[in-house]
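The chains referred to below are lettered A, B, ... by the order of the sequence lines, with proteins before strands, and numbering in each begins at 1.
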Protein chains: 2
Amino acid sequence: MKSDEIKKAALKYFTIHGYEGTSLSQIAEDVGIKKQSIYSHFKGKDDLFLSVLKDAKEMELSSYVEYFNIMKKSDPEKMLYGFLEEMIKMFQEVESLKFWLRMGFFPPTHLYNEIQKETDDLQVQQEALMEKIFGTWISAGVLNSGDARTLTLAYSGVIVAIMVELVYADNPDRVAEKLAASWTIFWRGISK
Amino acid sequence: MKSDEIKKAALKYFTIHGYEGTSLSQIAEDVGIKKQSIYSHFKGKDDLFLSVLKDAKEMELSSYVEYFNIMKKSDPEKMLYGFLEEMIKMFQEVESLKFWLRMGFFPPTHLYNEIQKETDDLQVQQEALMEKIFGTWISAGVLNSGDARTLTLAYSGVIVAIMVELVYADNPDRVAEKLAASWTIFWRGISK
DNA sequence: CATAACCTAACGAACGTTCGTCAGGCAAGT
DNA sequence: ACTTGCCTGACGAACGTTCGTTAGGTTATG
């Protein structure tokens, strides 16, 4: 499907150059068509962008759900650490994660409301997923402390810190070092 | 000074709309001059941008150094938690912090090298500052564990997580909740 | 079966607008 | 008198978008 090719190229450039820094001619050239032809598939730049955004959201959410469903039976240490590792791997393979991160932080202002709605929705779903798992662990007495909400927020903080490191430097050694440090302290903070 | 006004307006728009999304006419209008008059003060858009960048770096570093010098004598808990609170306050008051964060994450690609150089330099200085303090605390035996490097990286992770929350939602309650959660776990992870 | 009507995807050309930038002139402060 | 700051005017380039048109495939009609 040609429109998928267009979205794929659009994802790439939106991620690297942002919304304003990406031109339709750039995307079209990447696909091998003229920029006018994009209008056969999308109403315009905004329509294309929002379409890419929705795909990225779906991708992000499904990978979350998938991993959590697979791992929810294993012990907390293995699962929580494993998820961080998995995320690092995905971040380099799946381009939509970086796109999502960028647009969540710094959305094009004229689309702020539409983007905010999506990011909020995703965040709520992700946190609900986590909170439930932390809740079962606390009930089972395998974790030290506190309420599920606190653990969820702290853990998602660790996730964000790693993601930022991935965007910021993209230096594998640095990322590994950061992961090790953050995990060490976090795990010591929540384990018995 | 008029060039300071220009830089101030530029900072504002660069922060909100990014490099590509900001036009010189926008900046000029904000100052009350024509866009061509900007060229009386700066060589061009890039020159203005890099000038703003250097100011922001200086601001960020000096506020770091200032706080650390004042607080280095107090106990770890008070200082580390206090710094997070201070950062939240500054983030809303000092615009250059948000600017710095954005450009560190998503720089305009054609200025990547110049920006990377500055961000790297700042990061090294900040981490050196932290690591030294953690080192003295460890030597004094007031902290539980590990090497200073690990604590530094983990703590800067907490900082980043809070900053991201500030950018992401800008909801004071949400930020406070995140701070409380991250701090609780982090402190439990490093204290005796 | 043939043909007419329609749909899709792509095109070249052009639209009006905005972009960053350069050149030259005019007024004020030293 | 000379520099400095801001102005007007203009520039080529690029932007997103619209237009009319073409080629090819699908569907419906006679």
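With rounding to whole Å, B:K2 atom NZ is found 15 Å from C:dG29 atom C1'. Between the CD atom of A:E29 and the P atom of C:dA10 there is a distance of 16 Å, given to the nearest Å. In this structure, B:I27 atom CD1 and C:dT21 atom P are separated by 11 Å, rounded to whole Å. Whole-Å rounding puts the B:Y39 OH to C:dG24 P distance at 17 Å. When rounded to the nearest whole Å, the span between NZ of B:K43 and P of C:dG20 equals 18 Å. To the nearest angstrom, P of D:dC15 lies 12 Å from NE2 of A:H17. Straight-line distance from the CG atom of B:L48 to the P atom of C:dT21: 10 Å, rounded to whole Å. Atom CG of A:D46 and atom C1' of D:dC15 are 14 Å apart (whole Å).
Relative to the side chain of B:K34, the nucleotides D:dT8, C:dT21, D:dG5 differ in distance, and D:dT8 lies closest. When the nucleotides C:dA9, D:dT17, D:dC6 are ranked by their closest atom to the side chain of A:L24, D:dT17 comes out on top. For A:H41, taking side-chain heavy atoms from C-beta onward, the closest of the listed nucleotides C:dA9, C:dT21, D:dC6 is C:dA9. Closest approach to the B:S40 side chain among C:dG20, C:dA10, D:dC6 is made by D:dC6 (side chain taken as heavy atoms from C-beta onward). The nucleotide whose nearest atom lies closest to any side-chain atom of A:S37 is, among C:dC11, D:dG16, C:dA9, C:dC11. In the set D:dT17, C:dG20, D:dC7, D:dC7 carries the atom at the smallest distance from any side-chain atom of B:I33.
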side-chain hydrogen bond (donor to acceptor under 3.5 Å, both in side chains) evaluation trace for A:Q26 with A:D30: CA-CA 6 Å; A:Q26 217 171 4; A:D30 205 86; over 6 Å; no

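In this structure, A:Q36 and A:S25 both approach DNA chain D, and ranking their closest nucleotides by distance from the 5' end singles out A:S25.
For the pair B:K45 and B:Y19, the cation sits on the ring face: its NZ or CZ lies under 6.0 Å from the ring centre, inside 45° of the axis.
The side chain of B:S23 places an N or O atom within less than 4.0 Å of a non-bridging phosphate oxygen (OP1 or OP2) of C:dC19. Side-chain nitrogen and oxygen atoms of B:K35 include none within less than 4.0 Å of the OP1 or OP2 phosphate oxygen of C:dC19. Between A:K45 and D:dG16 there is a side-chain polar atom (N or O) within less than 4.0 angstrom of OP1 or OP2.
In this structure, B:Y64 has its ring center closer than 6.0 angstrom to the ring center of B:F83.
Among the protein residues, A:S3 comes within range of no part of the nucleic acid, since none of its heavy atoms lies under 4.0 Å from any strand.
Around atom CD of A:E29, no more than 12 heavy atoms belonging to other residues, nucleotides or ligands sit under 6.0 Å away.
Note that NZ of B:K54 and CD of B:E114 are 7.5 Å apart. Values are rounded to the nearest 0.5 Å.
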